[in-house]
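Below: one structure, written as structure tokens.
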Amino acid sequence: MGAPEENPVPDMVQLLTIDGELLQDDTYSSYVQDLTPDELRGFYRDMFLVRRFDEEATALQRQGELVMWVPLTGQEGAQIGSGRALMPQDYVFPTYREHGVAYTRGLELAHLLRRFRGISHGGWDPREANFHLYTLVLAAQVPHAVGYAMGMARDRLVDPMLPEAATVAYFGDGASSEGDVHEGMVFAASYNAPVVFFCQNNHWAISVPTEVQSRIPLANRAQGYGFPGVRVDGNDVLAVHAVTRWALEHARSGGGPVLIEAFTYRMSAHTTADDPTKYRLSADEEAWLDRDPLLRMEKYLRSQGLADDAFFEELREEGRTMAVRLRENVQQMEAPGFEDAFADVYAEAHPLIREELDEHRRYEAGFAGADDDANPATTDPASREHNA
């Protein structure tokens with residue numbers, strides 16, 4: 001298979017060619033015309049550091065520091081472009097691969113690894129950055145995003161001084177076959193909810209290709225629900241940014257939901273437990289190398305005189321420093337004690353939980369070498385203030 005065509009999909013929004021040449025679009029070009037040189041360089045920096053983070057997390061899993069990892073290589077343009085279009089008051093409902101979006105929301109990247117190290121059910125407080133916890137159940141976050149958006153709209157009816165806001169529900173092409181996506185879109189359309197459905201079509205639902213998931217472009221499904229659908233080149237960070245800005249403005253201003261299909265490609269495995277060589281050809285992966293979102297943006301920056309060798313070398317050094325710090329942070333993470341699990345069931349002490357905790361202690365004490373000197377008063381989670 002040869003290199004893919006310049007823009008092989010009809011009616012797909014594209015602002016940067018694979019050679020880094022800027023195109024004009026009557027609808028969307030205005031949404032990137034105000035970007036400063038620093039912001040344009042920032043797009044590349046974000047994508048580069050997120051990819052470096054992804055590489056380090058993969059290495060940490062291979063070395064036994066993480067239980068599993070979900071790579072994003074190849075999808076940086078879709079995530080950074082959309083993430084940088086968000087306003088602080090917007091709320092994100094991710095799947096489990098939106099590491100780039102998390103980075104744009106200001107999350108400490110090491111916090112994303114707590115769950116994959118097996119020491120936390122979450123890893124961060126969703127309220128601090130309006131970025132929800134990762135959802136491992138396919139598409140479950142979509143109805144959540146719609147409900148939250150409906151709640152925000154109702155809050156503004158009570159208090160019109162609240163800022164206009166929207167939610168974004170991220171999901172993959174495979175998750176688009178789940179009933180939760182359909183139900184969420186029905187509710188969103190019925191209640192004109194300010195929500196943007198952002199589908200990262202990376203061509204593979206683990207081992208199932210997109211053409212098995214849908215006979216039509218996924219963006220076309222929006223027509224059946226009565227709201228706009230846009231297919232955008234997901235490897236074009238500028239096009240994704242422009243389309244997402246438009247969609248968010250549309251949703252925030254009362255225009256209702258929008259479906260964005262970011263046409264991209266998963267360059268790595270579904271997870272580190274997956275072997276993509278079992279179901280796809282290396283030639284298919286190679287055909288997408290020229291469409292790499294980082295390579296395309298680098299060509300644009302260089303051609304416009306916005307970045308030189310010194311910029312890219314400094315960025316590589318920043319990436320190395322970040323990786324070292326990330327590794328040290330992960331290796332210093334301590335797992336909570338098993339008894340701490342009893343403190344996370346109810347906000348306040350509960351007699352049944354106390355009974356189960358006592359039973360657990362008796363069970364543990366029955367093993368040879370059990371610490372008979374343990375002081376229950378200091379280890380009873382029910383006696384400590386619960387951090388909700």
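- Between the side chain of Y91 and the backbone N or O of A149, no donor-acceptor pair lies under 3.5 Å.
- Linking Ile, Leu, Val, Met, Phe, Trp and Tyr residues whenever their side-chain heavy atoms come within less than 4.5 Å leaves V196 and F187 in two separate clusters.
- A centroid separation of less than 6.0 Å is found between the aromatic rings of F312 and Y44.
- Taking the six-membered ring where the residue is Trp, the centroids of H360 and F342 are separated by under 6.0 Å.
- Under a 3.5 Å cut-off, the side chain of H121 and the backbone N or O of R115 do not form any donor-acceptor pair.
- No side-chain donor-acceptor contact under 3.5 Å links R231 to the backbone of P217.
- When V258, V240, V232 are each tested for a side chain to side chain contact (heavy atoms under 4.5 Å, CB included) with F198, only one passes: V240.
- If you chain together hydrophobic residues whose side chains sit under 4.5 Å apart, Y148 and V168 never meet in one group.
- Exactly one of Q75, H270, R266 qualifies for a side chain to side chain donor-acceptor pair (under 3.5 Å) with N202. That residue is Q75.
- Interatomic distance, S303 OG to E21 CD, rounded to the nearest 0.5 Å: 8.0 Å.
- A salt bridge is absent between R291 and E76; no separation between the charged side-chain nitrogens and carboxylate oxygens falls under 4.0 Å.
- Residue L259 holds its CG atom at 4.5 Å from CE of M185, rounded to the nearest 0.5 Å.
- A salt bridge does not link R361 to E364: none of the charged side-chain nitrogens sits closer than 4.0 Å to a carboxylate oxygen.
- In this structure, R117 contributes its side chain and E65 its backbone to a donor-acceptor pair below 3.5 Å.
- Here E313 pairs with R316 in a salt bridge; the nearest charged N to carboxylate O distance falls below 4.0 Å.
- Between the side chain of E261 and the backbone N or O of A219 there is at least one donor-acceptor pair closer than 3.5 Å.
- The residues E318 and R45 are annotated as salt-bridged, a charged nitrogen and a carboxylate oxygen being separated by less than 4.0 angstrom.
- Exactly one residue among V195, V92, N130 makes a side chain to side chain contact (heavy atoms under 4.5 Å, CB included) with T167. That residue is V195.
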Q | Pair E317-R320, salt bridge (Lys or Arg N to Asp or Glu O under 4.0 Å): steps then yes or no | A | CA-CA 5 Å; E317 183 59 34; R320 286 190 286 267; 2.7 Å; yes
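- Of the options D19, D233, N235, a side chain to side chain donor-acceptor pair (under 3.5 Å) to R296 is made by D233 and by none of the others.
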**Q.** Audit row: R52, M322, side chain to side chain contact (heavy atoms under 4.5 Å, CB included) steps and yes/no
**A.** CA-CA 8 Å; R52 184 66 185 87; M322 180 200 69; 3.9 Å; yes
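- Here R41 pairs with D38 in a salt bridge; the nearest charged N to carboxylate O distance falls below 4.0 Å.
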